[in-house]
Amino acid sequence: MFGITGGLVLLAAVLHASWNALLHGNRDRALSMTWMSIAIAAVATAVIPQVPLPSAAAWPYIVASGLVHNAYNLALIQSYKRGDLGQAYPIARGTSPLLVALGAALFAGERLDPLHAFGVLLVSAGIVALALQRSHTTRAGIAIALVTGATIALYTVIDGIGVRHTDGQPIAYTAWMFVFYWAMPAWFIATRGIRALWAPVRANPASIGASIGGGLLSIAAYGIVIWALQSDAMSGVSALRETSVVFAVLIGRVALKETVSAMRWVACSVVTVGAICLGV
């Protein structure tokens, strides 16, 4: 899978890790996710008039994916609220490639050869190992992690099938799917009021700017993934994308001066070997 497609998916992983790093310091995760969603939906809305309409066959997938993405956003917010995101989110990212492989086999008839299947297993095992090295594991944290992982896998399989019905229009598919992100600010305003959305713009503009920047990185990252899903195995694309967890460790070590244990380096190495297997 390496080459242009694999390189771009790895770039998407770096972008994904980067927007997570940008949001790392914001305590109000619902507010951050909402401003990310506003940035994503605004860009999508601006792109729509510039691209052709997706084919009729793609619309059920666009609608389903948009709804599942919003479910993912809400599940991720719950992961943040649990206070154990360092475990729960990597577990979600690690389990999703395995669920994608199952979904792709059931609904798209995809089959991996033994080496690539081994690569998916290594990536998933390495990511979960990163999470389990944290000190506190709770049943609630693991449960929300599995729910989040299921939503990641579900929208990946939906998009993997849906983008193949667009007659070569992945940008149009991506834009229309991301329009559904307007649901997040609507939900936020309904639950906390419009003042809670706008007051932080003046009180803490740097934090809101980081959220908007994270949204722009996110739309670029997942746009690349949807483009790759047109022709490559969903489980392989998913596994390469989830190497973002490793890039997050590297960013934490280099940029944030976080301590990385020997066992975390071993887990990162397992993920790297898995990514290499996917690229052979």
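What you see below is based on every heavy atom in this structure, not just the backbone, and it leaves out hydrogens, waters and symmetry mates.
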Inset, instruction - Could you tell me which residues satisfy salt bridge (charged side-chain N to carboxylate O under 4.0 Å, His left out) with R192, sequence neighbours excluded, listed by chain and number? - result: D28

Legend entry - With W265 via ring pair (Phe, Tyr, Trp, His ring centres under 6.0 Å) - residues at least two apart: none

Inset, instruction - Output every pair passing ring-ring contact (aromatic ring centres under 6.0 Å, His included) with a member in residues 199-234, not counting sequence neighbours, ordered by first then second residue. - result: H69-Y222, Y155-Y222

Legend entry - salt bridge (charged side-chain N to carboxylate O under 4.0 Å, His left out) contacts in which one or both residues fall within residues 97-111, not counting sequence neighbours: E110-R164

Inset, instruction - Establish, yes or no, whether a centroid distance under 6.0 Å links the rings of W182 and W176. - result: no

Inset, instruction - Indicate yes or no: at least one non-hydrogen side-chain atom of M177 is less than 4.5 angstrom from one of I158. - result: no

Legend entry - Connected-component partners of V270 among ILVMFWY, side-chain separation under 4.5 Å: F118, L122, V273

Inset, instruction - Give a yes or no on whether the backbone of F180 and the side-chain of N70 come within a donor-acceptor separation of less than 3.5 Å. - result: yes

Inset, instruction - Check whether any side-chain N or O of T166 sits under 3.5 Å from a backbone N or O of P54 as a donor-acceptor pair, and report yes or no. - result: no

Legend entry - W35 (side chain) donor-acceptor with P185 (main chain) under 3.5 angstrom: no

Inset, instruction - Flag yes if M263 and V271 sit in one hydrophobic cluster, no otherwise; membership is Ile, Leu, Val, Met, Phe, Trp, Tyr, and two members link when side-chain heavy atoms are under 4.5 Å apart. - result: no

Inset, instruction - Share the residues that join V266 in a hydrophobic cluster, the rule being Ile, Leu, Val, Met, Phe, Trp or Tyr side chains under 4.5 Å apart at the heavy-atom level. - result: none

Inset, instruction - Group every Ile, Leu, Val, Met, Phe, Trp and Tyr by side-chain heavy-atom contacts under 4.5 Å, then state whether V225 and L99 land in the same group. - result: no

